[in-house]
Peer 1: 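Take a look at this one; I'll ask things after.
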There are 2 protein chains.
Amino acid sequence: MARAQLSNPKKPLAADAPVCEASLVHLDNVRQVQPEVLETNQAQRMAEFFSALSDPHRLKLLSALAQQELCVCDLAAAVKMGESAVSHQLRVLRSHRLVKYRRQGRNVYYSVADDHVASLYREVSEHLNE
Amino acid sequence: MARAQLSNPKKPLAADAPVCEASLVHLDNVRQVQPEVLETNQAQRMAEFFSALSDPHRLKLLSALAQQELCVCDLAAAVKMGESAVSHQLRVLRSHRLVKYRRQGRNVYYSVADDHVASLYREVSEHLNE
DNA sequence: TTCCTACTTGCACATCTGTTCAGAGGGTGA
DNA sequence: TCACCCTCTGAACAGATGTGCAAGTAGGAA
């Protein structure tokens with residue numbers, strides 16, 4: 001998942017330190033933009049979310065689950081992965097609430113958690129197909 | 001970026017091989033879902049795109065650029081990163097067409113490339129704030 | 001109970017990622 | 001031309017990720 005390397009100890013850069021060695025030129029820009037920069041916590045959460053979607057196998061799993069509820073071994077067969085790998089990846093999706101699951105007898109059935117995934121999917125497809 | 005480990009040589013799994021050792025139970029499901037599973041190439045592309053957004057620093061950079069066009073050293077100051085690191089990350093964003101840039105004198109000014117990013121941002125915020 | 005099946009988890013390993021450092025462009029102005 | 005500034009790039013490193021294996025858990029059947 002996304003790394004927890006948010007605090008960069010090097011280059012502390014006081015709030016009004018000069019930028020680019022000699023440039024007072026752009027200091028205004030920096031001051032203007034800085035308060036609008038995504039907060040570290042939120043950036044971290046968002047990065048972790050995107051990170052959950054940043055693996056082709058997980059995307060395949062989601063696309064399969066978007067069709068219908070499936071148990072782990074069916075998923076493994078559908079996307080041609082080992083069951084262990086599927087289980088590992090489902091845990092990632094689960095932890096980001098991208099899928100939900102229910103146990104029925106010996107099987108665990110997974111399905112997509114909500115509609116945001118579908119919207120995201122559409123957005124990205126659009127971007128990629130330009 | 002996302003790994004290029006899409007072809008898994010283990011567990012080849014012929015199209016109509018039995019699933020879950022003994023289960024003819026779910027074979028129908030697998031057959032039904034399999035053709036709808038995201039194609040490997042597209043899954044790969046999509047994963048790489050999400051991967052570009054899966055780093056908190058890159059998200060911060062984008063949020064800064066969403067405010068206004070900025071040169072590299074201003075960006076570095078705004079998100080408190082080293083300039084080299086910023087340059088490396090901008091390359092990632094650039095290669096996924098999330099930002100565009102123009103050279104003006106000694107500076108290179110970056111800005112967000114299109115509106116999809118904003119939409120994505122909204123979608124994800126919504127999901128995360130539930 | 002015991003066995004079997006479906007799934008999960010811990011570990012080790014190979015691979016990938018993001019950072020810093022050092023140095024190389026590329027452009028400006030003297 | 002040169003010196004300087006801004007930016008980019010390659011190498012090396014630490015840390016993270018995904019996989020298979022092997023062991024473990026949970027539910028159902030005998």
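Note on naming: letters A, B, ... go to the chains in the order of the sequence lines (proteins, then strands), and numbering restarts at 1 for each one. Quick note: numbers below take in every heavy atom, side chains included, and nothing from hydrogens, waters or symmetry partners.
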Peer 1: How close or far is atom C1' of D:dA26 from atom CD of A:Glu83, stated in whole angstroms?
Peer 2: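 Rounded to whole Å, this separation is 16 Å.
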Peer 1: Atom CD in A:Glu48, atom CG in B:Asp55: separation rounded to 0.5 Å?
Peer 2: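 Between atom CD of A:Glu48 and atom CG of B:Asp55 there are 11.0 Å.
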Peer 1: Does B:Gln68 CD have over 12 foreign heavy atoms under 6.0 Å away?
Peer 2: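 It does: B:Gln68 CD has more than 12 such atoms within range.
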Peer 1: Under 4.0 Å, heavy atoms only, any strand: does B:Tyr110 hit a base, just the sugar-phosphate, or nothing?
Peer 2: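 Result for B:Tyr110 = sugar-phosphate.
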Peer 1: Going only through I, L, V, M, F, W and Y residues with side-chain contacts under 4.5 Å, is there a path from A:Val108 to A:Val99?
Peer 2: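 Same hydrophobic cluster.
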Peer 1: If the cut-off is 4.0 Å, is A:Arg94 near the phosphate of C:dC7, judged by side-chain N/O to OP1 or OP2?
Peer 2: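 For A:Arg94, the contact criterion (side-chain N or O under 4.0 Å from OP1 or OP2 of C:dC7) is not met.
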Peer 1: Can you list the residues that meet the ring pair (Phe, Tyr, Trp, His ring centres under 6.0 Å) rule with B:Tyr101, with sequence neighbours excluded?
Peer 2: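 Only B:Tyr110 meet the ring pair (Phe, Tyr, Trp, His ring centres under 6.0 Å) criterion with B:Tyr101.
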Peer 1: Minimum heavy-atom separation for A:Val124 and B:Met46, please, with both atom names.
Peer 2: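 Here A:Val124 and B:Met46 meet closest at CG1-CG, 3.7 Å.
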Peer 1: Whole angstrom is fine here: how far is it from NE2 in B:His88 over to P in C:dC16?
Peer 2: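 Result: 18 Å.
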Peer 1: So if I take every side-chain heavy atom of B:Val72 and compare against D:dT19, C:dT20, D:dC8, which nucleotide ends up nearest?
Peer 2: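 Taking heavy atoms from C-beta onward, the closest nucleotide is D:dC8.
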Peer 1: With sequence neighbours left out, which residue pairs that include part of residues 100-110 of chain B fulfil the salt bridge (Lys or Arg N to Asp or Glu O under 4.0 Å) condition?
Peer 2: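 Salt bridge (Lys or Arg N to Asp or Glu O under 4.0 Å) check on residues 100-110 of chain B returns B:Glu69-B:Arg102.
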Peer 1: Rounded to the nearest Å, what distance is computed from the NE2 atom of residue A:His57 to the C1' atom of nucleotide C:dT15?
Peer 2: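 Roughly 14 Å, once rounded to whole Å.
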Peer 1: Please report, rounded to the nearest Å, how far the C1' atom of D:dC8 is from the CG atom of B:Leu90.
Peer 2: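 So the two atoms are 11 Å apart, to the nearest Å.
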Peer 1: Would you say the side chain of B:Ser87 and the base of D:dT9 hold a donor-acceptor pair, judged only by whether the two atoms sit under 3.5 Å apart?
Peer 2: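 Answer no: no donor N or O sits under 3.5 Å from an acceptor.
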Peer 1: Quick one: does any side-chain atom of A:Arg58 pair with a main-chain N or O of A:Ala52 as donor and acceptor, under 3.5 Å?
Peer 2: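 Checking the backbone N and O of A:Ala52 against the side chain of A:Arg58, a donor-acceptor pair under 3.5 Å is found.
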Peer 1: Using whole Å, report how far OH of A:Tyr109 lies from P of D:dG27.
Peer 2: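 From A:Tyr109 OH to D:dG27 P: 15 Å.
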Peer 1: Which of these nucleotides, D:dT19, D:dT9, D:dG18, is closest to any side-chain atom of B:Arg91?
Peer 2: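 Of the candidates, D:dT9 comes closest.
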Peer 1: Whole Å only: how far is the CG atom of B:Asn29 from the P atom of C:dA6?
Peer 2: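 In whole Å, C:dA6 P lies 14 Å from B:Asn29 CG.
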Peer 1: Check the distance between C:dC4's P and A:Asn107's CG and give it to me in whole angstrom.
Peer 2: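 Atom CG in A:Asn107 sits about 18 Å away from atom P in C:dC4.
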Peer 1: For C:dC7, does the base pair up with any side-chain atom of A:Ser84 as donor and acceptor (N or O, under 3.5 Å, distance only)?
Peer 2: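 Looking at the base of C:dC7, it does not pair with any donor or acceptor on the side chain of A:Ser84 (distance under 3.5 Å).
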Peer 1: Rounding to an integer number of Å, can you tell me how far A:Leu61 CG sits from C:dC7 P?
Peer 2: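 Rounded to the whole Å, the gap is 13 Å.
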Peer 1: Output one line per pair: protein atom, nucleotide atom from nucleotides 26-30 of chain C, and distance, for all N/O pairs under 3.5 Å.
Peer 2:
| unit_1 | atom_1 | unit_2 | atom_2 | d |
| --- | --- | --- | --- | --- |
| C:dG27 | N2 | B:Arg106 | NH1 | 3.3 |

